[in-house]
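I have placed the structure first, in the form of structure tokens, so that the comments after it can refer back to it.
Ligands are counted one by one from 1 in listed order, and the atoms in each one are counted from 1 as well.
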Amino acid sequence: MLVVEHIHEMQKWSEEQRLQGRRIVLVPTMGFLHQGHLSLIREGRKSGDRLVVSVFVNPTQFGPCEDIASYPSDFERDRGLLEREEVDIIFRPSSRAVYPEGYQTAVEVERLGRTLCGAYRPGHFRGVAVVVLKLFNIVQPHVAVFGLKDYQQFIIVSRLIEDLNLNINMVAVPIVRDPDGLAVSSRNYYLTQEERKAALCLQRALGRAENWVRQGERDGRKITNQVIAEITSEPLARVEYVQLCDLKSLEVIESLHDEALLALAVWFGKARLIDNIILKAEM
Ligand code: PAF
């Protein structure tokens, strides 16, 4: 396994692989890898011949008051995990290399980037779109793998690929949960023991929403209000949003007809956790 830090070196490697007819798979990450990342890597492995994992904590997707300074990292641990997964390359550029002096270009997936998390993290998805497009240009993958825990990110990158005619296939990987039901996330690291226990209310509330739908509930507002009530009965939880929305446009929906995304962001202490479930009218 190679660790590549220089952009031109990464591009050269990818060009050579492409010339040899190899299919390149990219798994973009911000490091501090967990089971969720490993499931992306294992899924990615099935879609190509060469596997590249990028490890880059992208400064442009963090707001001025957000957690970039404390974002957890442990590169030696990540390297060990990726070695065991038989990844071909870790691409680990510096911030300076990705955003050199004078950098000023932005790319924005407009409406999709302003709803859900985008409404509370202005500029976040612009930063994601920029870095993902840059990674695509540098690594030149045939396939890119994203997890569905950040469903909005998956939809935004899919839109970016389509709108800019990029020749890349997206692979979506389901949410990975710890045995107690909490969706795995690097930010779970911020949780105290008490907060972690409290955070189990998220999966519980989503599961209850699924049951209400099974029992015939179709009213979007009632479903989200019941989920909010369930979560706020947990004193350590601070709800940022709970929304029922269309699977593609991410627009809020009033009533559930076939399928919809129930997405939420909730704070527990310093940790802002996101989670979601797809609700189906016919279950
Ligand atoms: O999902 C993430 O970890 C990041 O948003 C990504 C896609 C690696 C871009 O920085």
Side-chain angles (χ1 to χ4, degrees), residues 4 7 10 25-41 43-44 51-63 66-75 77-78 81-82 87 89-99 103 105-109 112-113 116-118 120-139 141 143-161 164 166 168-176 183-190 250 263 265 271-276:
V4 172
I7 289 175
M10 186 67 244
V25 179
L26 170 65
V27 180
T29 81
M30 299 206 297
F32 206 65
L33 304 177
H34 49 62
Q35 285 304 322
H37 296 114
L38 299 187
S39 80
L40 303 183
I41 290 165
E43 205 48 51
L51 197 50
V52 178
V53 175
S54 60
V55 174
F56 178 63
V57 182
N58 173 37
T60 63
Q61 69 189 75
F62 288 81
E66 291 186 354
D67 58 339
I68 187 157
S70 56
Y71 197 83
S73 82
D74 184 344
F75 184 65
R77 186 176 153 276
D78 289 348
L81 287 169
L82 295 176
V87 163
I89 294 222
I90 304 179
F91 177 50
R92 190 198 183 209
S94 66
S95 273
R96 208 29 192 270
V98 177
Y99 300 109
Y103 184 90
T105 301
V107 44
E108 187 160 7
V109 181
L112 289 171
L116 300 174
C117 291
Y120 297 87
R121 303 186 69 189
H124 168 68
F125 288 112
R126 193 187 316 121
V128 170
V130 164
V131 82
V132 167
L133 184 56
K134 272 175 138 312
L135 289 169
F136 287 170
N137 284 329
I138 296 166
V139 177
V143 177
V145 189
F146 286 81
L148 289 176
K149 184 166 75 68
D150 197 337
Y151 185 94
Q152 185 174 14
Q153 173 170 274
F154 174 78
I155 290 292
I156 286 176
V157 177
S158 306
R159 188 76 253 165
L160 178 86
I161 288 178
L164 300 184
L166 306 178
I168 297 172
N169 290 330
M170 287 276 276
V171 170
V173 179
I175 298 176
V176 174
V184 299
S185 162
S186 303
R187 288 189 169 101
N188 291 352
Y189 174 77
Y190 298 144
L250 303 183
R272 178 183 181 276
L273 305 185
I274 54 172
D275 204 341
N276 68 69

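Interface atoms of ligand 1 facing Met30, defined by a heavy-atom separation under 4.0 Å, are 3 (O), 4 (C), 8 (C), 10 (O). Every atom of ligand 1 is numbered from 1 in the order shown, and the set under 4.0 Å from a heavy atom of Thr29 is 8 (C). The ligand atoms of ligand 1 that sit less than 4.0 angstrom from a heavy atom of Pro28 are 8 (C). Per-residue contacts place Phe146 under 4.0 angstrom from the following atoms of ligand 1 (heavy atoms of the residue considered): 7 (C). Close contacts between ligand 1 and Val131 involve ligand atoms 9 (C), 10 (O) [criterion: under 4.0 Å to a heavy atom].
Between Phe125 and Val109 the shortest side-chain heavy-atom distance does not fall below 4.5 Å. At least one side-chain heavy atom of Leu160 sits under 4.5 Å from a side-chain heavy atom of Val107. Within the 4.5 Å cutoff, no side-chain heavy atoms of Thr60 are placed close to those of Arg126.
Relative orientation of the Tyr151 and Phe154 rings is tilted, given thresholds of 30° and 60° on the angle between their planes.
Because its NZ or CZ atom is not both nearer than 6.0 Å to the ring centre of Phe56 and within 45° of the ring axis, Arg92 does not count as a cation-pi partner of that residue.
At under 3.5 Å, a nitrogen or oxygen of Gln153, whether backbone or side chain, sits near a nitrogen or oxygen of ligand 1. Taking distance alone, with nitrogen or oxygen atoms compared against 3.5 Å, Gln61 approaches ligand 1 more closely than that limit.
Contacts with ligand 1 closer than 4.0 Å are made by no heavy atom of Asp150, backbone or side chain.
Phe32 meets the ring pair (Phe, Tyr, Trp, His ring centres under 6.0 Å) test with Tyr189; sequence neighbours excluded.
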